[in-house]
> 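This is the structure, below, for whatever I ask next.
In what follows, chains carry the letters A, B, and so on, assigned in the order in which the sequence lines appear, proteins first and then strands, with residues in each chain numbered from 1. This is a predicted model, so every value here is computed, not measured.
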Amino acid sequence: MADPLSLVNDLLLPVFADIAGQPADPVVRPSDRADAQVNGALPLAKQLGTNPREIAQRVVDSGALANVCSDVEIAGPGFINLTFADSFLGAELGAVAVDDRLGISPDPHPRTVVIDYSAPNVAKEMHAGHLRTTVIGDALVRMLEFGGHTVIRENHIGDWGRPFGMLIEHLLDIGEDVAAEGMQQGDLDGFYKAANAKFTDDEEFQARARDRVVKLQSYDPETIALWERLVEMSTDYFNQVYDKLGVLLTDDDLMGESKYQSVMPVAYERLRAAGLIEESDGAEVVFPPGFTNRDNEPLPLIVKSRTGAFMYATSDLACVLDRVERLQADLLLYVVGAPQAQHFQMVFAVAKMAGWLTDDVDAVHIPFGSVLGDDRKMLRSRTGGAVKLVELLDEAVERAAEAVADKNPDLDDDERAEVARTIGIGAVKYADLSTDRIKDYVFDWDRMLAFEGNTAPYLQYAHARICSIFRRADVERTSVRSTAIDLGEPQERELAKRLLAYPTALADTLATYSPHKLCTYLFDLAQDFTSFYEHCPVMKADEPTRASRLALCDLTARTLEHGLGLLGITAPEAM
RNA sequence: GCGCCCAUAGCUCAGUCGGAUAGAGCAACGGAUUUCUAAUCCGUAGGUCCCAGGUUCGAGUCCUGGUGGGCGUGCCA
């Protein structure tokens, strides 16, 4: 870890242990009165029944920080304020500058992670509701992979169940070519609604649909072929959206409900063999302790309905079983909306009762709030329907294109189109990622596309400006990476400290699966940079300051690009 | 009824394991531009951290009880 704060922590641990007679937290924190502050003397003094300033003095006298700090002073009741030595910061930066991983070590305990996200339904439109799970999931995947974990993406699409009888019959009615044409153009809802309308109005169709479901569930070859065709049309369309959005999901990640049909009976039998299943109101259920319904009676997880059908809880239990035993995963992540919280609690509880989830395996629901419109209700289109995700993305790019044309008319058409795509999509993703995921957020074009404030364009702009400096200076970026960095100006020190905090920012982000923490860090970094940019001329500076500042610029640009990359956002070189 | 989540500046949001004086951005006001991309920067102003207790040397943060809002609470997924 390159972060001076964690280094100071490491240096002080033995000192505090020595004073306390047992391990004690030095409580190293960032400070607005110095570079860092050490607060651990206060609780320790309480514990030992001595004077906190006295303990602080012993910490200072230990000399543990001699090579790191140019100033160490005790303040107030026993805080220790630290000022890092410029030489120390410079040396740390030097180490990061030559590191392709920007100071971040792979996780020493790599895990096998299965992450479940996106999950659109076949023959249904991808709408704004799919944005968060897809974007947050994608960012987490990128961060986990960078951390050295084995990540298995699972796109649990809705590709099985009763509606497929009517969908397949409708497919036969209108013909494959017509259906494929419609879906290629993104009209999935039209297909679904037409099928549904016939199902409600037409008894003959209804009967055909019912027969078709039976055929599907018995894997009748002709029916399966039609079903596959239908799934393929939809996934082709999903891939268009994923491509536009710039996420990692491909056909290889598809792991729909159909794939678990054969696992559900296994899961069911094992629950039965374990004696967990009870009969209740005709259904077969498991009662995990601690859950009650509105009448204060035990709340069941229904594994098999009165009619003998497996339920969605069964499907999720089958997923746990499959992911733990076949894939040997030891971390299961579910990027699914907050309303599903109780459902996952119950599924995990039952999986633990069954012994599928053990102490070595963690299952984590990663909940998120809703995307709201101006009216603070779920985002809807003017007509009141769901907002198509593609339309939302296209509008983002259009709006970005207008802004780019306005701000930088020098770009040629191709370049402008590409930059607009990068900015527009980046803005949508960043708006989604930059606030605490548990909260609802209001979708606001003007705010997310503003080139000021905590937005993707602001971060991208900072990056583009740095690239511009190197173009102007005609200096190869890689050539400055072994340059000694000198920190004379306060803005340089602030920037330097921020750059060194990158590993901590990423670790904090991953510890709680909260991408907004990385966003906050990158925004702070961009602000520190622009402040530096205003106050510290680079090209006009004399050597060796010029070279030192170029090195700072390069490292800043790399950190911005890398951090945005982990969020699934591209940093253009010009905009 | 019970459970989960949310409440911080006019607006949108951060706030790390409990640390000193609660921070950004937007909007408002006042400055900076023969530019390294001003898509920017500097400054001013703006607070009952929903309320009331409690724990603590110290609470926006932890605990208890409320208020307001959202969601969930057996045979859809």
> Counting Watson-Crick and G-U wobble pairs with both distances under 3.5 Å, what is the dot-bracket string for RNA chain B, 5' to 3', using [ ] for crossing pairs and | for pairs to another strand?
(((((((..((((.....[...)))).(((((.......))))).....(((((..]....))))))))))))....
> On RNA chain B, nearest-nucleotide positions of A/Val419 versus A/Lys517: which is more 5'?
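Nearest nucleotide further toward 5': that of A/Lys517.
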> Quick one: are A/Asp524 and A/Tyr521 in side-chain contact, heavy atoms under 4.5 Å?
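Contact flag for A/Asp524/A/Tyr521 side chains = no.
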> Going by salt bridge (Lys or Arg N to Asp or Glu O under 4.0 Å), name the residues that satisfy it together with A/Lys497, two or more places apart in sequence or in a different chain.
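With neighbours one apart ignored, the set is A/Asp35, A/Glu494.
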> Between A/Asp159 and A/Ser258, does any side-chain donor sit less than 3.5 Å from a side-chain acceptor?
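A/Asp159 vs A/Ser258: donor-acceptor pair found between side chains.
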> Specify the separation, in whole Å, of atom CD of A/Glu534 and atom P of B/C41.
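Whole-Å distance recorded here is 7 Å.
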> What's A/Pro43 touching, base or sugar-phosphate or nothing? Going by heavy atoms closer than 4.0 Å.
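Touches a base.
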> Counting C-beta onward and ignoring hydrogens, is there a side-chain heavy-atom pair between A/Arg53 and A/Gln57 closer than 4.5 Å?
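A/Arg53 does not reach A/Gln57 side chain to side chain.
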> Just the table, please: protein N/O against nucleotides 7-9 of chain B N/O, every pair under 3.5 Å.
residue : atom : partner  : partner atom : Å
B/A7    : OP1  : A/Lys439 : NZ           : 2.9

> Is the shortest distance from a Lys or Arg side-chain nitrogen in A/Lys517 or A/Asp508 to a carboxylate oxygen in the other one below 4.0 Å?
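No, no charged N to carboxylate O under 4.0 Å.
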> Once you apply a heavy-atom cut-off of 4.0 Å, does A/Arg294 come out as touching a base, just sugar-phosphate, or nothing?
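Here A/Arg294 touches the bases of the nucleic acid.
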> Consider the side chain of A/Ser531, meaning its heavy atoms from C-beta on, and name the nucleotide among B/C13, B/U73, B/C42 that approaches it most closely.
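Nucleotide nearest to A/Ser531's side chain: B/C42.
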> Calculate the interatomic distance between A/Phe291 atom CZ and B/U73 atom C1'; express it in whole Å.
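Distance, rounded to whole Å: 11 Å.
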> Atom CG of A/Leu299 and atom P of B/G3: how far apart are they, to the nearest Å?
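Atom CG in A/Leu299 sits about 14 Å away from atom P in B/G3.
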> Please work out if A/Asn81 contacts a base, only the sugar-phosphate, or nothing of the nucleic acid, heavy-atom cut-off 4.0 Å.
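Base, at least one base heavy atom under 4.0 Å.
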> Looking only at side-chain atoms of A/Gln342, point me to the closest of B/G72, B/U40, B/U12.
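For the A/Gln342 side chain, the nearest candidate turns out to be B/G72.
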> May I ask you to test the A/Trp227-A/Leu167 pair for a side-chain heavy-atom distance under 4.5 Å?
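SC-SC contact between A/Trp227 and A/Leu167 ruled out.
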> Under 4.0 Å, heavy atoms only, any strand: does A/Ala75 hit a base, just the sugar-phosphate, or nothing?
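Base contact - A/Ala75 has a heavy atom under 4.0 Å of at least one base atom.
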> Compute both the distance and the angle, then confirm whether A/Lys304 meets the cation-pi test with A/Tyr268: under 6.0 Å from the six-membered ring centre, within 45 degrees of the axis.
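Yes, A/Lys304 and A/Tyr268 form such a contact.
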> Just call it for A/Val27: base, sugar-phosphate, or nothing, with non-hydrogen atoms closer than 4.0 Å on any strand.
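The residue A/Val27 makes no contact with any strand.
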> Give me the atom names and distance for the closest heavy-atom approach of A/Thr50 to A/Ile55.
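Heavy-atom minimum between the residues: OG1-CD1, 3.4 Å.
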> Tell me whether A/Arg323 is salt-bridged to A/Asp116, with the criterion being a basic N under 4.0 Å from an acidic carboxylate O.
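The answer is yes: the pair qualifies as a salt bridge.
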> Would you call the rings of A/Phe348 and A/Phe344 parallel, tilted or perpendicular, taking 30° and 60° as the class edges?
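The arrangement is tilted - the two ring planes meet at 30° to 60°.
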> Looking across every strand, which nucleic acid part, if any, lies under 4.0 Å from A/Asp444 by heavy atom: base, sugar-phosphate, or nothing?
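The answer is nothing, as A/Asp444 stays clear of every strand by at least 4.0 Å.
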> Return yes if the base of B/A20 and the side-chain atoms of A/Gln37 contain a donor-acceptor N/O pair under 3.5 Å, otherwise no.
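Per atom types, the contact qualifies.
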> Please report the distance, rounded to the nearest Å, between CE in A/Met448 and P in B/C11.
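About 20 Å, once rounded to whole Å.
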> Could you check if a side-chain atom of A/Glu492 sits within less than 4.5 angstrom of a side-chain atom of A/Arg549, using non-hydrogen atoms only?
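Heavy-atom side-chain distance check passes, below 4.5 Å.
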> Looking at side-chain heavy atoms only, is the closest gap between A/Thr504 and A/Leu5 below 4.5 Å?
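The answer is no, as the side chains (C-beta and beyond) never meet within the 4.5 Å cut-off.
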> Please name the pair of heavy atoms, one in A/Ile74 and one in A/Gly78, separated by the smallest distance, quoted to 0.1 Å.
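Residues A/Ile74 and A/Gly78, closest heavy atoms: CG2-CA, 4.3 Å.
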> When all nucleic acid strands are considered with a 4.0 Å heavy-atom cut-off, which category describes A/Pro30: base, sugar-phosphate, or nothing?
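The residue A/Pro30 makes base contact.
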> Taking the side chain of A/Arg33 as heavy atoms from C-beta outward, which of B/U12, B/A20, B/C5 is closest to it?
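Nucleotide nearest to A/Arg33's side chain: B/A20.
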> Of the listed nucleotides (B/A14, B/A39, B/C5), which one gets closest to any side-chain atom of A/His516?
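The answer is B/A14.
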> Within the 4.5 Å heavy-atom criterion, are A/Leu317 and A/Leu301 side-chain neighbours or not?
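Yes - at least one pair of side-chain heavy atoms lies under 4.5 Å apart.
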> Ignoring backbone atoms, establish whether A/Thr530 has a side-chain N or O less than 4.0 Å from OP1 or OP2 of B/C41.
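So the side chain of A/Thr530 is within the cut-off, an N or O lying under 4.0 Å from OP1 or OP2 of B/C41.
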> Between A/Pro457 and A/Gln345, who's closer to the 5' end of RNA chain B by nearest nucleotide?
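Comparing both residues, the 5'-ward one is A/Gln345.
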> How many Å lie between CE on A/Met378 and C1' on B/C71, as a whole number?
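In whole Å, B/C71 C1' lies 11 Å from A/Met378 CE.
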> Just to verify, which of A/Tyr260, A/Tyr334, A/Tyr117 counts as forming a ring pair (Phe, Tyr, Trp, His ring centres under 6.0 Å) with A/His156?
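Of the listed residues A/Tyr260, A/Tyr334, A/Tyr117, the ring pair (Phe, Tyr, Trp, His ring centres under 6.0 Å) partner of A/His156 is A/Tyr260.
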> When all nucleic acid strands are considered with a 4.0 Å heavy-atom cut-off, which category describes A/Arg376: base, sugar-phosphate, or nothing?
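Sugar-phosphate contact only.
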> B/U12 C1' sits how many Å from A/Asp432 CG, rounded?
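After rounding, the gap between these two atoms is 15 Å.
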> Between B/G15 and B/A9, how far apart are the two C1' atoms, rounded to whole Å?
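Between the two C1' atoms, the distance is 14 Å.
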> Would you say the base of B/A39 stacks on A/Tyr458 (centre-to-centre below 5.5 Å, plane angle below 30°)?
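Not stacked: fails the 5.5 Å / 30° test.
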> Which nucleotide sits closest to the side chain of A/Asp436: B/G19, B/C5, B/A14?
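Of B/G19, B/C5, B/A14, B/A14 is nearest to the side chain of A/Asp436.
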> What pairs of nitrogen or oxygen atoms, one from the protein and one from nucleotides 75-77 of chain B, lie under 3.5 Å apart?
residue : atom : partner  : partner atom : Å
B/C75   : O2   : A/Arg306 : N            : 2.8
B/C75   : N4   : A/Asp281 : O            : 2.5
B/C75   : N4   : A/Arg306 : NH2          : 3.0
B/A77   : O3'  : A/Glu257 : OE1          : 3.4
B/A77   : O3'  : A/Glu257 : OE2          : 2.9
B/A77   : N6   : A/Tyr312 : OH           : 2.4
B/A77   : N1   : A/Gln340 : NE2          : 3.4

> Using the C1' atom as the reference point in each nucleotide, state the distance between B/U55 and B/C63 in Å, no decimals.
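Each nucleotide's C1' atom is 7 Å from the other's.
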> I'd like the C1' distance from B/A59 over to B/G69, given in whole Å.
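Going atom to atom, C1' in each nucleotide, I get 25 Å.
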> Give a yes or no on whether the backbone of A/Arg437 and the side-chain of A/His516 come within a donor-acceptor separation of less than 3.5 Å.
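Checking the backbone N and O of A/Arg437 against the side chain of A/His516, no donor-acceptor pair under 3.5 Å is found.
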> Under 4.0 Å, heavy atoms only, any strand: does A/Ala45 hit a base, just the sugar-phosphate, or nothing?
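Here A/Ala45 touches no strand at all.
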> Name the pairs: protein N/O against N/O of nucleotides 49-51 of chain B, kept only if under 3.5 Å.
none

> Between C1' on B/G19 and CG on A/Asn39, what's the gap in Å once rounded to a whole number?
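One finds 5 Å between C1' of B/G19 and CG of A/Asn39, rounded.
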> Measure from CD on A/Glu489 to P on B/C42 and round the result to the nearest Å.
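Checked: the CD to P distance equals 14 Å.
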> Just call it for A/Cys536: base, sugar-phosphate, or nothing, with non-hydrogen atoms closer than 4.0 Å on any strand.
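Answer is base: heavy atoms of A/Cys536 come under 4.0 Å of a base.
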> Distances under 3.5 Å between protein N/O atoms and the N/O atoms of nucleotides 23-27 of chain B, please, pair by pair.
none

> When we call it a touch if two heavy atoms are under 4.0 Å apart, what does A/Ile438 touch: a base, just sugar-phosphate, or nothing?
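Sugar-phosphate, backbone atoms only, no base.
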> Among the candidates B/G74, B/G19, B/C41, find the nucleotide nearest to the side-chain atoms of A/His535.
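The listed nucleotide nearest to A/His535's side chain is B/C41.
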> Between A/Asn9 (side chain) and A/Val28 (backbone), is there a donor-acceptor pair under 3.5 Å?
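Checked: no pair found.
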> Rounding to the closest angstrom, what is the interatomic distance between B/C13 and B/A45 at atom P?
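To the nearest whole Å, 26 Å.
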> Measure the shortest side-chain to side-chain distance between A/Ile19 and A/Phe16 over non-hydrogen atoms and say whether it is less than 4.5 angstrom.
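Not in contact.
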